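The structure under discussion appears below in the form of structure tokens.
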Protein chains: 2
Amino acid sequence: MPRKADHDQRRRQIAEAVWRLATRGGLEDVTLRQVAAEAEVSVRLLQYYFGTREQLLLGALEILNDDAEQRARERLAMLGEAPGMHAIVRGVLLELLPLDEERRNRHLVYAAYFVRFLTDPALAKVAHDAPRALENLVADLIAQGQETGQVPRTIDAAAEAAFLVAGAEGMQSSILLRQRSAEDAVAVIDHQLARIFTTNGE
Amino acid sequence: MPRKADHDQRRRQIAEAVWRLATRGGLEDVTLRQVAAEAEVSVRLLQYYFGTREQLLLGALEILNDDAEQRARERLAMLGEAPGMHAIVRGVLLELLPLDEERRNRHLVYAAYFVRFLTDPALAKVAHDAPRALENLVADLIAQGQETGQVPRTIDAAAEAAFLVAGAEGMQSSILLRQRSAEDAVAVIDHQLARIFTTNGE
DNA sequence: ATTTTTGTGGTGCGATCGAACCATAACTCG
DNA sequence: CGAGTTATGGTTCGATCGCACCACAAAAAT
């Protein structure tokens, strides 16, 4: 009895195989045969569920994006009710870091796709334009903090937001390369937040 | 008359073809045949000058690294004599950004190699561990600025250096994806530098 | 009950891949 | 001049690639 959930689950199973192979050896290891073996299905099934290889890469990325959005939403909701601006901004920035195996792998998959984002129009549309939205969100939060007196008026909200998001993204790479520990990165971010939010929120 | 420089020049010619293909379609487009066509030499020559494909990828990366180091040195030397700490730190940070086509392409090549750095030991050794050294350099420069009164004593040199370098690296990605203009990125960095260096150097 | 949709496997074809092999210019050094 | 190194081209082989084609079971819809 093929319920509709089964179809999605199968696609997810295959997509996860794509992710694993991509993180291991880049997109060039993501061949139909290797994905089939990794997902323990037949090559024919890949074609049935995704079609061509290009569509497989695209589909696996879309599923990854949906995953990321949902997990981020969950984690931010876990902050509890009525958190201070400081805590919200901190939560948003930490979401950019590969703090657990799941996020680490996700960022590695993005890295494997990266160059394609620039040349492949189909991938570019799905690509990670989230940072820009995040930056505006952080800027708004800082501006709100200025209204409530948690942030000095002398702070340039937009410029600080841009640098906070960029800093988090920059440390993401060095964490992936294991040049820096996740704890280090969090400490560096907290140092900047302490400068901007002079009074502790909540 | 095969002077020794000819040999290196041929290797460079081939390496440049590797770079172009890698920036266009990732490492999976870097096949022996395609590189040969792009460099306008025979496949046999690739094997002669680099050996196996794995060695070709490694060699092209080494040449790229040497290039980057030399160009960076040149640009920093062009700052003139006895520049202030502020100018030096600014020069170091801007070197991380893809401000011209040459640096843009170089960063794209690194992006294409990225996932391999984590799994391939040979590539990992050559990989970009420069950031860590840069971070220490920036920290030292800020500390020197404190000695000469250009930087307030309340500044945490190490933490600020880490965030400056991370911020520059983070904006590098968004510039590559054309989500942000190079001028924007420079302005954001200058805003942070103005906060740290309260008196103008020199 | 039978027709249609959905899910699954296998297999084969043409293209391309990396790498090895064979040949031979051209230049260097004795 | 001759021996040897360096530089270059062409070709072929086995493996793998993406993908299309054929067949069939199981469930859904009619």
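By convention in this document, chain letters (A, B, ...) are assigned in the order of the sequence lines, proteins followed by strands, and residues within each chain are numbered from 1. All values below come from the heavy atoms of this structure, side chains included, with hydrogens, waters and symmetry mates left out. Remember, it's a predicted structure, so these values are computed and weren't measured experimentally.
At a threshold of 4.0 angstrom between heavy atoms, the contacts of B:Arg53 are confined to the sugar-phosphate backbone, with no base atom among them. Residue contacts shown for A:Arg33 include a base, since a base heavy atom lies under 4.0 Å away.
Within a heavy-atom distance below 4.0 Å of DNA chain D, no residue of residues 13-26 of chain B is found.
Ion pairing between B:Glu16 and B:Arg10 fails under the 4.0 Å rule for side-chain N and carboxylate O. Note on B:Glu38 versus B:Arg24: salt bridge recorded, some NZ/NE/NH1/NH2 to OD/OE distance being below 4.0 Å. Taking a cutoff of 4.0 Å between a charged side-chain nitrogen and a carboxylate oxygen, B:Glu28 and A:Arg53 qualify as a salt bridge.
For the atom pair OH of A:Tyr113 and CH2 of A:Trp19, the computed distance is 9.5 Å after rounding to the nearest 0.5 Å.
B:Arg44 has no side-chain polar atom (N or O) that falls below the 4.0 Å cut-off from OP1 or OP2 of C:dA19. Within the 4.0 Å cut-off from OP1 or OP2 of C:dT8, not a single side-chain nitrogen or oxygen of A:Ser42 is found. Contact annotation: B:Tyr49 reaches the phosphate of D:dT8 (side-chain N/O to OP1 or OP2, under 4.0 Å). Look at B:Thr52 and you'll find a side-chain N or O under 4.0 angstrom from OP1 or OP2 of C:dA19. Checking the phosphate oxygens (OP1, OP2) of C:dG7, a side-chain nitrogen or oxygen of A:Tyr48 falls inside 4.0 Å.
A:Phe50 has its CZ atom 15 Å from the P atom of D:dG18, to the nearest Å. Rounded to whole Å, atom P of D:dC17 lies 16 Å from atom CG of B:Asp29. Taking atom CG of B:Leu46 as the reference point, atom P of C:dA20 lies 14 Å away to the nearest angstrom. Rounded to an integer number of Å, the gap from CD of B:Glu54 to P of C:dC17 is 16 Å. Counting to the nearest Å, the P atom of D:dA15 and the CD atom of A:Gln34 are 16 Å from each other. Per the geometry, CG belonging to A:Asp8 stands 14 Å off P belonging to C:dT6, to the nearest Å. Straight-line distance from the CG atom of B:Leu57 to the P atom of C:dC17: 14 Å, rounded to whole Å. Nucleotide D:dC24 holds its P atom 18 Å from the CG atom of A:Leu45, rounded to whole Å.
Side-chain contact between A:Leu164 and A:Gln192 is present, with at least one heavy-atom pair separated by less than 4.5 Å.
Of the candidates B:Val18, B:Val109, B:Leu176, B:Thr23 forms a side-chain contact (heavy atoms from CB on, under 4.5 Å) with just one, namely B:Val109.
If you check C:dC17, C:dA20, D:dA20 against the side chain of B:Gln47, the one that comes closest is C:dA20. Out of C:dT8, D:dT8, D:dC19, the shortest distance to the side chain of A:Arg10 is found at C:dT8.
In this structure, the side chain of A:His86 does not engage the main chain of A:Gly145 through any donor-acceptor pair within 3.5 Å.
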